[in-house]
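Model, not experiment: these values are computed from the prediction.
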Amino acid sequence: MTATPKNTPKNAPQAGPQDDAPRHAPRGAAPGDLAARIAALMPRARADLAELVAIRSVADPRQYPPEECRKAAQWVADAFAEAGLHDVHLTETPDGSAAVIGHRPPPPGAPTVLLYCHYDVQPPLDDDAWNSPPFELTERQGRWYGRGAADCKGNIVMHLTALRALGEDVPVGLRFVAEGSEEQGTGGLEQYVAAHRDEFTADALLVCDTGNAAVGIGTATTSLRGMVNVVVTVETLAGEVHSGMFGGPAPDALAALIQVLSTLRDPATGDTRIQGLPANGTWQGAGYDEAQFRGDAGVLDGVPLTGTGSVADRLWARPAVTVLGIDCPPVVGSSAAVPPTARARVSLRIPPGTAASAARRALTAHLTQAAPWGVRVRVEPESSGDPFSAATDGPAYRALDEAMHAVYGRPMTYLGQGGSIPLCNVLADSYPRAEIILMGVEEPLCLIHAPNESVDPDEIQHMAEVEARFLTSFARTTR
């Protein structure tokens with residue numbers, strides 16, 4: 001059963017006037033006090049995150065009431081209005097979700113920065129796999145657990161903490177948008193941005209839905225894989241027939257599907273092999289230690305990783321295919337019958353340099369041509385998104401590196417990410433002169449999208465300081 005959310009999870013400090021943390025930084029406070037101001041705001045950040053996690057904002061009405069997403073949207077709107085943004089309001093997007101939009105005018109001659117986040121979350125999946133209720137923020141061994149604690153409600157709290165620390169001394173103009181259906185991939189905000197470009201014009205776009213290479217390593221994500229999802233269906237018979245009477249000559253649809261899917265990977269190495277797609281790309285940024293990857297991914301002892309090349313190559317520079325699900329008779333309840341039909345959902349992640357449309361054509365052709373025994377194969381496109389690669393040689397990246405260095409004591413790391421954020425390509429097309437930066441509080445131990453998602457509160461604190469310092473530094477570099 002899904003845990004019933006509570007307005008105030010146990011052990012959560014209460015937000016409000018009784019907090020010792022200041023509601024706004026004093027006007028004219030010295031930049032050197034920034035770290036102290038943010039540290040003082042952390043009890044309030046904890047309370048904010050507890051309230052947000054308690055809202056079951058899964059943007060799928062088949063699983064959770066849509067009122068939960070509306071409640072989360074209103075919470076975000078109220079919080080950012082209180083933090084100093086103007087005209088904060090909810091706007092319905094083409095997929096029916098509500099985006100939270102607001103702004104703050106720039107001081108004379110100052111640039112404008114867009115702050116992005118999303119308030120919807122993944123469903124908790126298996127409640128029994130959680131060590132604490134998924135919608136109740138719970139602290140264990142210094143981490144804060146709960147669905148959305150990192151992805152992406154932790155980033156919402158990061159934004160709020162940075163703005164509260166700056167108070168009235170925000171040195172740039174701000175535009176703000178919080179998406180309400182990012183996890184569902186229905187594209188409401190992408191369509192809205194394309195039709196309302198004037199509402200989001202900015203010099204730098206902070207897309208805060210990623211994070212650091214590891215705790216304590218300030219990181220910007222500069223590469224995102226694109227995605228193509230298809231459903232492949234194999235049909236062989238008009239209906240089920242008895243396997244004892246007809247098995248052998250009667251073509252088995254499930255066996256045929258298994259053969260089709262097996263051709264997507266090299267049988268010896270496990271590398272993705274789809275004709276027409278590059279297979280040997282190399283990653284030029286920070287690497288990913290294999291032992292760390294095994295631990296982060298939970299690879300079982302004795303099970304080797306699939307593919308060749310470095311882990312970073314396989315994650316961020318090469319296509320990668322995954323069979324997400326299969327529709328076929330289950331083991332329990334199956335009968336002695338030859339399956340007449342079977343289908344699978346196949347996901348293909350693609351690196352920068354490969355268009356989603358070209359990848360979809362290649363995948364469709366591969367699956368169709370791999371059909372054995374003359375069986376019927378039908379491939380239906382489901383969803384897609386182009387990969388993204390950021391230019392990192394502008395003033396915003398220089399300002400971010402300065403901020404990261406000041407907070408973490410080391411130069412900023414550049415990282416790729418296997419996930420896809422289609423909005424980045426819409427923003428790049430809509431604002432070709434703007435610098436797009438992907439960053440946030442997430443890191444591998446967060447286990448986003450999985451049971452027992454968590455966030456390290458130090459990352460919220462440090463990345464809030466990075467954001468505040470970035471806004472200050474970016475204002476100086478562009479005046």
Side-chain angles (χ1 to χ4, degrees), residues 21 25 31 34-49 52-53 76 79-80 83 113-119 137 142-144 146 148-166 170 172 174 176 178 204-222 286 390 396-415 417 421 435-448 453-474:
L34 188 58
R37 296 202 301 271
I38 288 175
L41 285 163
M42 285 305 293
R44 191 174 185 198
R46 204 288 191 189
D48 285 343
L49 190 57
L52 271 173
V53 166
V76 171
F80 280 87
V113 176
L114 172 74
L115 307 180
Y116 166 89
C117 53
H118 66 85
Y119 62 80
L137 194 70
R143 296 183 69 92
W144 297 345
D151 181 23
C152 176
K153 292 175 176 179
N155 288 311
I156 293 174
V157 171
M158 176 194 74
H159 282 319
L160 282 171
T161 304
L163 294 181
R164 287 169 179 157
L166 290 172
V170 178
V172 296
L174 295 175
F176 172 77
L205 315 176
L206 290 190
V207 179
C208 293
D209 190 21
T210 62
N212 291 337
V215 172
I217 299 178
T219 305
T221 297
T222 60
Y397 273 88
R398 290 193 294 272
L400 184 63
D401 181 62
E402 179 182 322
M404 292 277 195
H405 209 153
V407 174
Y408 287 107
R410 54 182 293 164
M412 179 170 63
T413 294
Y414 293 113
L415 195 68
Q417 180 171 294
I421 305 177
E435 294 183 71
I436 300 177
I437 293 172
L438 292 96
M439 63 179 225
V441 303
E442 302 163 23
E443 36 80 20
L445 297 179
C446 291
L447 297 180
I448 65 171
E453 178 181 352
S454 68
V455 68
D456 187 322
D458 286 346
E459 292 298 87
I460 293 179
Q461 179 175 337
H462 293 151
M463 288 305 296
E465 184 181 350
V466 165
E467 180 172 329
R469 288 181 178 274
F470 164 78
L471 296 176
T472 300
S473 181
F474 186 52

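A salt bridge links E465 with R469: the closest approach of a Lys/Arg side-chain nitrogen to an acidic carboxylate oxygen falls below 4.0 angstrom. Ion pairing between a basic and an acidic side chain is recognised when a charged N comes within 4.0 Å of a carboxylate O; R143 and E443 show such pairing. Checked for salt-bridge contact, R410 and D401 miss the test: no charged N lies under 4.0 Å from a carboxylate O.
Looking only at side-chain heavy atoms (C-beta outward), T222 and L438 stay at 4.5 Å or farther from each other. In this structure the side chain of L115 never reaches within 4.5 angstrom of the side chain of L205, judged on heavy atoms.
Pairing each heavy atom of E459 with each of A214, the nearest pair is OE2-O, 4.1 Å. Shortest non-hydrogen contact noted between G211 and T221 is O-OG1, 4.1 Å. Considering all non-hydrogen atoms of both residues, V76 and A178 come closest at CG1-CB, 4.0 Å. Contact between G154 and V441 at its shortest, heavy atoms only, is C-CG2, 3.8 Å.
The SG atom of C446 sits 7.0 Å away from atom CD of E453, with the distance rounded to the nearest 0.5 Å. To the nearest 0.5 Å, atoms CG (L445) and CG (L447) are separated by 7.0 Å. Between the NE2 atom in H159 and the CD1 atom in I460 there is a gap of 12.0 Å [rounded to 0.5 Å]. Taken to the nearest 0.5 Å, the CG atom of D151 stands 5.0 Å off from the CG atom of D209. Atom CZ of residue F470 and atom CE of residue M404 lie 10.0 Å apart, to the nearest 0.5 angstrom. The CG atom of L400 lies 7.5 Å from the CG atom of L206; values are rounded to the nearest 0.5 Å.
Donor-acceptor pairing under 3.5 Å is lacking for the side chains of T210 and Q417.
Remark: side-chain polar atoms of K153 are paired, donor with acceptor, to backbone N or O of L52 under 3.5 angstrom. Distance alone, capped at 3.5 Å, is enough to place a donor-acceptor pair between the Y397 side chain and the I436 backbone. Put simply, the side chain of E435 gets close to the backbone of A396: a donor and an acceptor are under 3.5 Å apart. Using a distance-only test at 3.5 Å, with no hydrogens or angles considered, no donor-acceptor pair links the side chain of H462 to the main chain of P457. In this structure, the side chain of N155 does not engage the main chain of C117 through any donor-acceptor pair within 3.5 Å.
With sequence neighbours left out, T219 forms a side chain to side chain contact (heavy atoms under 4.5 Å, CB included) with N212, A213, I217, T413, L415.
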- Please step through side-chain contact (heavy atoms from CB on, under 4.5 Å) for the pair L34 and R37, ending with a clear verdict. CA-CA 5 Å; L34 188 58; R37 296 202 301 271; 3.4 Å; yes
- Task: For the pair V207 and M439, evaluate side-chain contact (heavy atoms from CB on, under 4.5 Å) and give the outcome as yes or no after the intermediate values.
- Result: CA-CA 7 Å; V207 179; M439 63 179 225; over 6 Å; no
- Message: Applying side-chain contact (heavy atoms from CB on, under 4.5 Å) to F80 and L163, what does each step give before you reach the verdict?
- Response: CA-CA 9 Å; F80 280 87; L163 294 181; 4.0 Å; yes
- Message: Between F176 and L114, is the side-chain contact (heavy atoms from CB on, under 4.5 Å) condition met? List the steps.
- Response: CA-CA 6 Å; F176 172 77; L114 172 74; 5.8 Å; no
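Relative orientation of the Y116 and H118 rings is tilted, given thresholds of 30° and 60° on the angle between their planes.
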